[in-house]
Amino acid sequence: MDILIDIILKAGRSAIELSLFVLLPVMVVMLSLMRLLEARGALDWIVTRLAPLLRPFGLTGLGVFAALQINLVSFAAPLATLTMMEQRGTSDRHLAATLAMVFAMAQANVVFPLLTMGLAFGTTLIFSLLGGLAAAAATYYLFGRRLSATEATLDETLQHPVADNAKGVLDVINRAGAEAFKIAVGAIPMLVLSLVAVTALKRFGFIDLITQVLTPFLTPAGIDPVLVLPSLTKYLAGGTAMLGVMDDMRRAGQISVELLNASAGFLISPLDLVGVAVLISAGRRVAAVWRPAALGACVGIALRTVGHVVCA
């Protein structure tokens with residue numbers, strides 16, 4: 001019983017420190033910037049000009065906005081955009097392409113805290129965009145080609161507050177701060193539970209056993225066995241849980257900055273049990289196209305993985 005209490009207290013301390021002292025300040029700054037650009041019409045301008053260029057990849061104007069949301073806000077931010085796309089009559093084929101893009105991109109709520117641990121932002125952002133476009137195109141032209149392409153007359157107007165005076169700017173910043181606080185505090189339960197589970201598995205030797213079993217297969221492929229723990233955590237408990245594990249491993253000196261950057265391609269994305277469950281809750285038609293979207297996302301994540309390994 002003493003061992004369990006010790007594990008829970010240590011996991012809780014690590015989760016609180018990561019959420020309130022790393023995730024929260026980073027998200028406050030980035031969300032405030034994102035919402036101010038949105039309120040001043042800068043994002044509308046970007047979406048309007050990028051939409052015609054990205055339409056050949058199977059993306060609409062709202063799809064472009066979803067890409068900005070996941071890269072600059074969090075993995076759950078495109079949820080509202082996907083719901084809006086479904087309600088406004090976007091075709092199943094375009095929905096699948098957009099969902100694949102979101103699955104394959106690097107989510108801001110993991111990327112920005114990892115910058116404090118040595119993650120290369122420029123490389124991560126570039127390959128996130130390339131991987132997202134590859135995922136969208138693969139889904140639109142290959143995995144989702146049999147889906148319906150019938151669309152209603154689309155209204156792609158972005159609804160958001162306007163900051164045209166000092167009070168408007170202050171309101172936007174306050175809302176962004178509240179949103180960042182909600183994201184940071186909302187991450188605590190998952191972080192605590194995942195860190196308790198991972199710490200218990202490590203304490204009782206299960207992680208070492210799995211690593212020993214997989215090492216003969218990983219070593220010839222040039223994969224460091226130390227990545228077994230964050231990989232299992234990421235795909236079973238989500239990116240936020242992986243962030244907590246990676247933070248502990250970096251503090252303990254178990255993983256280098258070079259390995260962190262080399263593994264970012266397949267460790268940072270919403271394509272995991274938690275991410276898929278959250279994003280397909282956007283609507284019935286979104287949930288119906290998750291399979292071709294996931295297959296397309298694998299193409300994008302593979303591209304990102306190769307890119308990060310080469311550039312690390």
Side-chain angles (χ1 to χ4, degrees), residues 11-40 42-43 62 65-87 99 102-103 105-117 119 128 158-163 167-196 233-234 237-247 268-283 286:
R13 189 179 303 113
S14 296
I16 294 295
E17 288 178 357
L18 182 60
S19 294
L20 299 185
F21 302 123
V22 177
L23 184 58
L24 180 58
V26 170
M27 294 309 297
V28 165
V29 174
M30 295 310 301
L31 267 174
S32 296
L33 178 61
M34 169 76 172
R35 296 310 184 198
L36 282 172
L37 290 174
E38 182 182 65
R40 297 306 294 265
L43 294 188
L62 288 175
F65 189 62
L68 294 173
Q69 287 178 311
I70 188 168
N71 281 285
L72 297 177
V73 183
S74 76
F75 86 97
L79 187 65
T81 302
L82 288 168
T83 301
M84 192 185 306
M85 291 175 69
E86 174 168 324
Q87 293 173 346
L99 184 60
V102 171
F103 279 159
M105 283 184 155
Q107 66 269 46
N109 59 297
V110 174
V111 170
F112 291 132
L114 283 178
L115 296 182
T116 65
M117 304 178 203
L119 183 68
S128 175
L158 300 174
Q159 305 295 332
H160 54 71
V162 176
K167 184 179 183 303
V169 170
L170 185 59
D171 288 343
V172 168
I173 292 174
N174 286 336
R175 278 194 293 268
E179 188 177 352
F181 187 79
K182 183 178 179 181
I183 291 173
V185 173
I188 292 176
M190 180 59 71
L191 277 173
V192 172
L193 292 174
S194 61
L195 288 175
V196 166
T233 306
K234 182 262 183 299
T240 305
M242 183 277 294
L243 176 62
V245 171
M246 190 65 75
D247 181 55
I268 308 176
S269 76
L271 189 63
D272 49 56
L273 292 179
V274 175
V276 171
V278 170
L279 289 169
I280 66 175
S281 67
V286 174

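Residues take their numbers from the sequence shown, with the count starting at 1. What's counted below: heavy atoms across the whole structure, side chains too, no hydrogens, waters or symmetry copies.
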Atom pairs and distances, side-chain donor-acceptor, residues 180-188, under 3.5 Å, sequence neighbours left out:
none

For Asp247, all residues meeting side-chain contact (heavy atoms from CB on, under 4.5 Å), sequence neighbours excluded: Leu18, Met117, Arg251
About how many Å separate CG of Leu170 and CZ of Arg175, when rounded to the nearest 0.5 Å? 10.0 Å
Which heavy atom of Leu115 sits nearest a heavy atom of Leu119, and at what distance? CD2-O, 3.3 Å
Applying side-chain hydrogen bond (donor to acceptor under 3.5 Å, both in side chains), name anything that partners Thr81, two or more places apart in sequence or on another chain. Gln69
Checking Ala67 now: which residues fulfil side-chain contact (heavy atoms from CB on, under 4.5 Å) with it, not counting sequence neighbours? Met101, Met105
Looking at CD1 of Ile268 and CZ of Phe75, how far apart are the two atoms once the value is rounded to the nearest 0.5 Å? 14.5 Å
Nearest heavy-atom contact between Val102 and Ala66 is CG2-CB, 4.3 Å
dist Leu72:CG -> Asn109:CG (nearest 0.5 Å) comes out at 12.0 Å
Note, Leu82 side chain near Glu86 side chain (heavy atom, < 4.5 Å): no
Please list, chain by chain and in numerical order, all residues satisfying side-chain contact (heavy atoms from CB on, under 4.5 Å) with Thr83, sequence neighbours excluded. Gln87, Ala282
Excluding sequence neighbours, so at least two apart, what forms side-chain hydrogen bond (donor to acceptor under 3.5 Å, both in side chains) with Thr233? none
Compare every heavy atom of Ala108 with every heavy atom of Pro113, then report the nearest pair and how far apart it is. CD-O, 3.8 Å
Minimal heavy-atom distance between Asp272 and Gly239, with the atoms involved, is OD2-N, 3.6 Å
Matching residue for Leu279 among Ile70, Leu99, Leu271 - test: side chain to side chain contact (heavy atoms under 4.5 Å, CB included): Leu99
